[in-house]
S.K.: 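The following block contains the structure, expressed as structure tokens.
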Amino acid sequence: LKPGNDKSDFIIDSTEIHSSNKTKTHFVQKPTELNLHGLSEEPVMLFNSTDVRMRRSGRLHKIMALDVTDRPRDPQAIGQFGQPAQVPRDKEPESRRRWGEGHFNVFLSDQIPVDRAIPDTRPHSCSESLVHDDLPSTSVIFCFVDEVWSTLLRSVHSVLNRSPPHLLKEVILVDDCSTKDYLKEQLDVYMSQFSKVRIIRLKERQGLIRARIAGADAATGEVLTFLDSHVECNIGWLEPLLERVYLDHRKVVCPVIEVVNDKDMSYMLVDNFQRGVFRWPLVFGWNALPEEYIRKNQMKDSDPIRCPVMAGGLFSIDKKYFYELGSYDPGLDVWGGENMEISFKIWMCGGEIEIIPCSRVGHIFRGDNPYKFPKDRVKTVERNLARVAEVWLDEYKEIFYSHGYHHLLDKSITDIGNLTEQIQLREKLKCKSFKWYLDNVYPDLNAPLVKADGLIFNVGTRKCLIFQNGILSFDKCDLSNKSQHFSYTWLRLLRHNTSCVAPREMHVIMEPCDNAKPHLRWVHKSSAVLTEHLMMEGHSQPMCLEAENNSDGILLKGCDSINTLQKWQFTHYYTQ
Ligand code: LR7
Ligand code: MN
């Protein structure tokens, strides 16, 4: 038995060994002298190989990459080896009816063995990679609410069967106050056969963020590994994650998240070189590393990939470091935004986030949440995001609010809760600025601080706006004159230092800027007819800024698409 030997790994039952690779899986031989049991506490007895005996001597070795199960695997079983499964004709109504239990094909999931084999999707070059034999141990934490029975079990089995026992301290199941009966006594009974599995039951629904904190508080391993409760950890998934944390305790590492198809439950591999990013307004997404970057850094497909943000659900983090970082903001509710929070916190406060291509975990991506939100779903998520933006985004939070979240600016309508502790934490940890993060971690994000700035040129008078001695008027354009410098902000304010252009009857004056005040907002460049106009926002009668030809004054007039006295241009535009 040569673990980690080239592409093939060994899947071991109590009766058979299979060798698997990307395309085919076949039986190799019966393990006569090896009586393997995945659930034993004693790895040395288990494998009796030089690799395991060498552990704790700090040397490097190849990844064991075992897949151990206590029953022979049925090669004919539905969904075996990650193959697509099919619903028999006569079962289609039942399968459709049960979809809503998990927002994936629950009927099929229930037919598929909870310990099925899946294809080893690691890139070729992973067979070259080595790990230390004194890696830290980990506690695997699954938080769940009303998870489907068979997928929860499959998640747990995949961890027990594919993690080297000496590295797996425990599996903690945090039940976030599920309502389903089978998740109570039946789950206790089932899990009692595994000495490493512990169940924690939350008395009230906490949401996944506080549930993870509860799991972490109970964990005794040196590293915390968080997983969603509908995953399948692939062969050799754990060691490469722990290796990175071992090398640097401030590395927070994610496996490649592969896809367990929600319709046929097949295990599907994903493209290489994908990294986690965000787009405005703090929406998580994937993007491929640019070819040029890969070439320049001579990257192999097994090399760790630096990620501006993590997807959120699947990662390992040094336990001490997790608490040094103040864990999660406990003010985040139910679901959403916590991945942004922890990602910004990690990067800005001295850590790193990586995707480790030699570690692969399948996840069922679902079209909808199969559980209830105690409050409105949209409001919950946007409130979470606003907390993150307020604490971590500095002046860039305006970009966030400008992407459909203006309504959150009025704190009398949306109470985002107290942020004092989070802000103090950021100061205590001496975290860097969001600008530093953008420059160093995510430079390819287009994030200009304002939409436009420079002089505001009036096309009709060919003069520029000037704010001097408390008066707004016109003058000959002069870029070197600071009094003529304005910016057009993300929240559509016309700003000069801390003062903003505001309507006052049929004229305009300067008022202290306030993002929460809608009357300070001007539409510029977003309407096809009035492209160069500065139109008051939110008026049924379109009102535009107009230069007075002879007096250097400014008026508010009904908008007129051809009047050049109503046309204004900034020196620089940063967005469309
Ligand atoms: O109130 C809740 N309590 C919980 O315990 C709500 C959820 N949960 C559990 C739930 O049962 C599940 O195990 O928390 C886990 C995550 O919830 P999902 O599976 O509904 O989330 P998701 O997969 O749709 O969403 C992703 O983004 C979330 C944002 O809050 C979390 O970070 C999820 O962990 C995260 N999942 C992943 O990163 C997997 C890959 C998805 C991608 C991209
Ligand atoms: Mn999920």
Side-chain angles (χ1 to χ4, degrees), residues 101-104 140-149 151-156 159 171-180 183 187 199-216 224-233 252-260 262 268 270-271 274-279 282-287 307-317 328-330 332-343 353 355 360-377 380-385 387-388:
E101 289 172 31
H103 288 283
F104 63 94
V140 172
I141 300 168
F142 288 106
C143 299
F144 64 92
V145 55
D146 291 344
E147 185 59 68
V148 169
W149 174 256
T151 43
L152 178 61
L153 262 48
R154 202 170 292 115
S155 306
V156 173
V159 168
V171 175
I172 298 178
L173 300 178
V174 185
D175 176 1
D176 188 12
C177 210
S178 295
T179 60
K180 304 266 195 267
L183 293 171
L187 187 68
I199 303 180
I200 295 175
R201 291 221 151 75
L202 305 180
K203 293 200 187 66
E204 271 171 57
R205 176 79 180 279
Q206 295 293 333
L208 83 91
I209 295 115
R210 289 190 296 272
R212 280 192 198 148
I213 297 174
L224 306 170
T225 299
F226 294 101
L227 296 175
D228 274 12
S229 50
H230 33 266
V231 298
E232 284 172 77
C233 297
V252 178
V253 287
C254 311
V256 170
I257 304 173
E258 297 196 286
V259 178
V260 175
D262 58 342
M268 312 190 325
V270 296
D271 292 341
Q274 297 290 314
R275 58 177 196 154
V277 297
F278 74 86
R279 305 190 176 95
L282 298 184
V283 180
F284 177 81
W286 301 104
N287 90 355
C307 274
V309 295
M310 65 159 93
L314 289 61
F315 65 99
S316 294
I317 183 168
Y328 284 111
D329 167 8
L332 301 174
D333 264 328
V334 189
W335 183 98
E338 94 295 340
N339 53 335
M340 299 292 149
E341 195 233 356
I342 200 149
S343 299
I353 300 171
I355 286 179
R360 332 268 303 180
V361 177
H363 169 260
I364 307 178
F365 289 78
R366 305 173 296 185
D368 204 345
N369 305 94
Y371 43 77
K372 290 208 175 69
F373 276 65
K375 292 180 202 140
D376 180 82
R377 182 187 193 277
T380 303
V381 177
E382 64 186 30
R383 181 184 172 279
N384 286 352
L385 291 175
R387 285 183 72 86
V388 177

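Counting starts at 1 for both ligands and their atoms, following the listed order. Atoms considered below: every heavy atom in the structure, side chains included; atoms not considered: hydrogens, waters and symmetry mates. What you see is a predicted model, and the numbers here were worked out from it, not measured in a lab.
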S.K.: Would a distance-only check, ignoring hydrogens and angles, find a side-chain to backbone donor-acceptor pair under 3.5 Å from S178 to D175?
M.R.: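 Between the backbone of D175 and the side chain of S178 there is no qualifying donor-acceptor contact (under 3.5 Å).
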
S.K.: With a 4.5 Å cut-off on side-chain heavy atoms, are L227 and S155 touching?
M.R.: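 No, too far: nothing below the 4.5 Å cut-off.
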
S.K.: Salt bridge check: are E101 and K180 linked by an N-O gap of less than 4.0 Å?
M.R.: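 A salt bridge is absent here (no side-chain N lies under 4.0 Å from a carboxylate O).
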
S.K.: Below 2.8 Å of the Mn ion (ligand 2), tally up the protein N/O/S atoms for me.
M.R.: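 If we list every protein N, O or S atom nearer than 2.8 Å to the Mn ion (ligand 2), we get 3.
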
S.K.: To check you understand the geometry: which heavy-atom pair defines the closest contact between D176 and V145, and what is its length?
M.R.: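 Heavy-atom minimum between the residues: O-CG2, 3.6 Å.
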
S.K.: Would a distance-only check, ignoring hydrogens and angles, find a side-chain to backbone donor-acceptor pair under 3.5 Å from R205 to K372?
M.R.: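 The answer is yes, because a donor-acceptor pair under 3.5 Å joins these two groups.
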
S.K.: Near ligand 1, which residues have a heavy atom under 4.0 Å away from one of its atoms?
M.R.: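 Protein residues near ligand 1 are C143, F144, V145, D176, R205, G207, L208, R212, D228, S229, H230, I257, F284, W286, A311, G312, G313, L314, V334, W335, G336, E338, H363, F365, R366, N369, Y371.
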
S.K.: Please state whether the rings of F315 and Y328 are parallel, tilted or perpendicular, taking 30° and 60° as the class boundaries.
M.R.: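 Ring orientation, 0 to 90° scale: perpendicular.
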
S.K.: Mind checking whether C177 and Q206 have side chains closer than 4.5 Å, heavy atoms only?
M.R.: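 C177 vs Q206: side chains apart.
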
S.K.: For the backbone of N384 and the side chain of D333, can you confirm whether one donor and one acceptor N or O come within less than 3.5 Å of each other?
M.R.: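 Answer holds: no.
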
S.K.: State, with a plain yes or no, whether a side-chain heavy atom of I355 is found less than 4.5 Å away from one of Q274.
M.R.: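 The answer is no, as the side chains (C-beta and beyond) never meet within the 4.5 Å cut-off.
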
